[in-house]
Amino acid sequence: MDFYKLVNKRYSVRGYLSKHVEDEKIDYILKVARLAPSAANRQPWKIYIIKDKTVKTALCEAYPRSWLEEAPIIVVFVGLTDNNWIRNDGKDYLLCDVTIIADYFILAATEQGLGTCYIAAFDEAKVKEALNLPENEIPLLMTPLGYPKDGAIRERKRKELGEIVVTI
Ligand SMILES: Cc1cc2nc3c(=O)[nH]c(=O)nc-3n(C[C@H](O)[C@H](O)[C@H](O)COP(=O)(O)O)c2cc1C
């Protein structure tokens, strides 16, 4: 699939089938995500793949949405706060790094016909508790992972290029 087609195929999927996600697909997606670049190559991240019903229920308490409950898998992208690159003016690139690996993961999942939705608006303390995260692991993004229900798409609105591109 060419890159434009792949990017255009991805959308925030807010409706999932209970259909099983094949392990081979998860392995492929993780193989892609592993190649994500990071500042100073610190790779300050972990990816939690949650299939366990009890842990999923606890995660859904951190972001209560029926479509999140529907998904057979929830993925949490965690940043390692003891290995993040900080610029010499103090700018922290942890969120940037974790966003990149999440992007790679999500686009690979899209290529495999799976649905995802970036989620940031969760209760961080509840996610930490659900995953029993140590002090140095901070959850930054999560996504459901599963086969999309038909009709889960929403209208796509984007700014025109003229509004966002500055050529000097
Ligand atoms: C960093 C980030 C955080 C987001 N957090 C949430 C969220 O908490 N809940 C949600 O329903 N959608 C969330 N979204 C999805 C956006 O609303 C969505 O990407 C945007 O409206 C564009 O729609 P599209 O993904 O279908 O192209 C998030 C997206 C990004 C990139």
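Atoms within a ligand are numbered from 1 in the order they appear, just like the ligands themselves.
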For ligand 1, which atoms sit closer than 4.0 Å to a heavy atom of [X]?
X: Trp67; answer: 11 (O)
X: Ala121; answer: 8 (O)
X: Ile119; answer: 5 (N), 6 (C), 7 (C), 8 (O)

Side chain to side chain contact (heavy atoms under 4.5 Å, CB included), paired with Val75, selected from Ile49, Ile50, Leu30, Thr116 =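 Result for side chain to side chain contact (heavy atoms under 4.5 Å, CB included) with Val75: Ile49.
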request  = Check Ile106, Leu6, Ile29 against Glu111 for a side chain to side chain contact (heavy atoms under 4.5 Å, CB included) and give me the one that passes.
outcome  =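 The option that passes is Leu6.
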With only distance considered, is [X] within less than 3.5 Å of ligand 1 through an N or O on each side?
X: Tyr11; value: no
X: Ala120; value: yes
X: Cys117; value: no

Which is it for [X] and ligand 1 at heavy atoms under 4.0 Å: side chain, backbone, both or neither?
X: Lys157; answer: neither
X: Arg156; answer: side chain
X: Tyr63; answer: side chain

query = Are Lys51 and Asp23 within salt-bridge range, i.e. N to O under 4.0 Å?
reply =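 The answer is yes: the pair qualifies as a salt bridge.
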ask   = Under a heavy-atom criterion of less than 4.0 Å, does Arg65 contact ligand 1?
value =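 So Arg65 does not count as touching ligand 1.
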request  = If a pair satisfies ring-ring contact (aromatic ring centres under 6.0 Å, His included) and one of its residues is in residues 85-116, list it, with sequence neighbours excluded.
outcome  =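 Qualifying pairs: Phe77-Phe105, Trp85-Tyr93.
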request  = Carefully, step by step, assess Arg87 and Asp89 under the rule salt bridge (Lys or Arg N to Asp or Glu O under 4.0 Å).
outcome  = CA-CA 5 Å; Arg87 203 166 58 189; Asp89 62 1; 2.9 Å; yes
message = Using the rule given for side-chain hydrogen bond (donor to acceptor under 3.5 Å, both in side chains), can you reason through Asp92 versus Asn84, listing the C-alpha separation, both sets of side-chain angles and the distance that settles it, and then say yes or no?
response = CA-CA 7 Å; Asp92 182 353; Asn84 47 326; 3.1 Å; yes
ask   = What residues form a salt bridge (charged side-chain N to carboxylate O under 4.0 Å, His left out) with Arg158, not counting sequence neighbours?
value =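 In terms of salt bridge (charged side-chain N to carboxylate O under 4.0 Å, His left out), with neighbours along the sequence ignored, Arg158 is linked to no residue.
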